[in-house]
Amino acid sequence: LLDGMTRVYARLSDFSASFEQVSTDSSNRRQVQRGLLYLSRNGRKMRFDYQTPAAKSYYSDGKTYTAFDPAAGQAVQSPVSKAVDERLQVFQVLVGNREWRDQYPRAELLADAPLNAGRRVVRLFPHRNDLPLVLLEIEPQSSLIERFELTYPDGERTEYRFSAIKTARVDPALFVFTAPSGVEVVQER
């Protein structure tokens with residue numbers, strides 16, 4: 001199952017989907033956000049556009065990471081190598097990076113009921129204690145990931161549920177952040 005998933009994502013150059021992000025903090029408070037996701041292996045590009053409950057966007061053009069908050073009128077940019085963002089972990093698995101297996105050497109097929117009938121659920125165990133456990137729900141025919149869950153050592157959990165998945169070309173202009181008029185751009189080094 002994982003080999004098939006790895007082969008499919010290794011061949012993909014682009015990926016887009018609607019997503020629902022469900023975050024649960026260590027106090028068991030839950031937050032649900034929805035939006036659109038765009039990924040491109042060419043240049044290792046990523047864009048998460050949150051639509052609800054508040055509009056926010058997170059971009060990576062492969063070199064620069066940008067967090068844009070329209071309500072605050074601010075965009076913060078930093079080198080991708082210094083960005084700490086779990087969305088980059090999602091990117092690592094979804095865009096054909098085979099190196100994830102070095103960090104997650106052990107996998108277990110779960111008998112737990114998937115969210116969607118006919119899907120398979122796999123838990124990935126990290127080799128280091130500071131990395132999150134990863135749960136994947138995979139559609140066996142297409143080998144596409146429909147759910148991706150990270151559980152951190154402190155008990156925090158973030159789950160991404162993907163729908164309307166497309167593997168067609170994504171317009172490269174989507175990954176370029178252009179600050180709207182009046183938006184402050186803060187450069188972090």
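The model shown is predicted, which means the values in this text are computed figures rather than measured ones.
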query = How many angstroms lie between CZ in F162 and CD in Q21, if you round to the nearest 0.5 Å?
reply = 9.5 Å
ask   = What's the shortest heavy-atom distance between D69 and A55, and which atoms?
value = OD1-O, 4.3 Å
ask   = Going by heavy atoms in the side chains, are L150 and V134 under 4.5 Å from each other?
value = yes
query = Are side-chain heavy atoms of V121 and I138 found at a separation under 4.5 Å?
reply = no
inquiry  = Looking at D154, I'd like to know if its CG atom is crowded, meaning that more than 12 non-hydrogen atoms belonging to other residues, nucleotides or ligands lie closer than 6.0 Å.
reply    = yes
query = Do you know which two heavy atoms are closest between L1 and L109, and how far apart they sit?
reply = CD2-CD1, 4.1 Å
Side-chain touch L124/R106, heavy atoms, less than 4.5 angstrom = no
inquiry  = Once rounded to the nearest 0.5 Å, what's the spacing between atom CZ of R30 and atom OG1 of T24?
reply    = 6.0 Å
request  = Check whether any side-chain heavy atom of Y104 sits under 4.5 Å from a side-chain heavy atom of P132, and report yes or no.
outcome  = yes
query = Taking atom OG of S18 and atom CD of Q51, what is their separation to the nearest 0.5 Å?
reply = 7.5 Å
key: Audit row: N116, E137, side-chain contact (heavy atoms from CB on, under 4.5 Å) steps and yes/no   = CA-CA 9 Å; N116 298 303; E137 185 169 324; 3.7 Å; yes
inquiry  = Test of understanding: clusters of I, L, V, M, F, W, Y form through side-chain heavy atoms closer than 4.5 Å, transitively. Do F177 and M46 belong to the same one?
reply    = no
query = Does F68 belong to the same Ile/Leu/Val/Met/Phe/Trp/Tyr cluster as Y38, with side-chain heavy atoms less than 4.5 Å apart forming each link?
reply = no
side-chain contact (heavy atoms from CB on, under 4.5 Å) assessment of V170 paired with F175 = CA-CA 9 Å; V170 174; F175 304 105; 3.8 Å; yes
task = Could you tell me the separation between the CZ atom of R29 and the OG atom of S23, rounded to the nearest 0.5 Å?
result = 12.0 Å
ask   = Using a side-chain heavy atom cutoff under 4.5 Å and only I, L, V, M, F, W and Y, what cluster partners does F125 have?
value = L133
ask   = Hey, are E146 and R161 close enough for a salt bridge, meaning a charged N less than 4.0 Å from a carboxylate O?
value = no
request  = Step by step, work out the side-chain contact (heavy atoms from CB on, under 4.5 Å) result for L110 and V122.
outcome  = CA-CA 6 Å; L110 300 178; V122 178; over 6 Å; no
inquiry  = The criterion is side chain to side chain donor-acceptor pair (under 3.5 Å); which residues satisfy it with D3, sequence neighbours excluded?
reply    = R101
task = Measure the acute angle between the ring planes of F48 and F19, then classify it against the limits of 30° and 60° as parallel, tilted or perpendicular.
result = perpendicular
inquiry  = If you define the side chain from C-beta out and look only at heavy atoms, does anything of Q77 sit under 4.5 Å from V185?
reply    = yes
ask   = Which heavy-atom pair separates R44 from S60 by the least distance, and what is that distance?
value = O-OG, 3.9 Å
ask   = Which is it for D14 and S40 under the side-chain contact (heavy atoms from CB on, under 4.5 Å) test, yes or no, and what are the steps along the way?
value = CA-CA 4 Å; D14 291 357; S40 179; 2.9 Å; yes
ask   = Within the distance-only criterion (no hydrogens, no angle test), does the side chain of S142 pair as donor or acceptor with the backbone N or O of L144 below 3.5 angstrom?
value = yes
inquiry  = Which heavy atom of S26 sits nearest to which heavy atom of E156, and what is that distance?
reply    = N-CG, 3.5 Å
inquiry  = Around atom CZ of R120, are there more than 12 heavy atoms from other residues, nucleotides or ligands closer than 6.0 Å?
reply    = no
ask   = Can you tell if the side chain of V8 reaches within under 4.5 Å of the side chain of T6, non-hydrogen atoms only?
value = no
note = When every non-hydrogen atom of R147 is compared with those of I145, the smallest separation belongs to O-CG2, 3.2 Å
task = State whether K63 and D61 are salt-bridged, where the test is any N-O pair (Lys NZ or Arg NE/NH1/NH2 against Asp/Glu carboxylate O) under 4.0 Å.
result = no
query = How far does CG of L136 sit from CG of L2, to the nearest 0.5 angstrom?
reply = 7.0 Å
note = d(R123 CZ, E108 CD) to nearest 0.5 Å is 6.5 Å
Presence of salt bridge, K82 and E188, under 4.0 angstrom = no
key: Same apolar cluster (I L V M F W Y, side chains within < 4.5 Å links), L36/Y160   = no
request  = State yes or no: do L135 and V22 share one hydrophobic cluster built from I, L, V, M, F, W and Y residues joined by side-chain heavy-atom distances below 4.5 Å, directly or via other members?
outcome  = no
ask   = How are the rings of F15 and Y9 set relative to one another: parallel (under 30°), tilted (30 to 60°) or perpendicular (over 60°)?
value = tilted
Nearest heavy atoms of R47 and L174, plus distance in Å = NH1-O, 2.7 Å
query = Do the side chains of Y59 and L37 join up, straight or via other hydrophobic residues, at under 4.5 Å, putting them in one cluster?
reply = no
ask   = Taking C-beta and beyond as the side chain, do V32 and E20 meet within less than 4.5 Å on heavy atoms?
value = yes
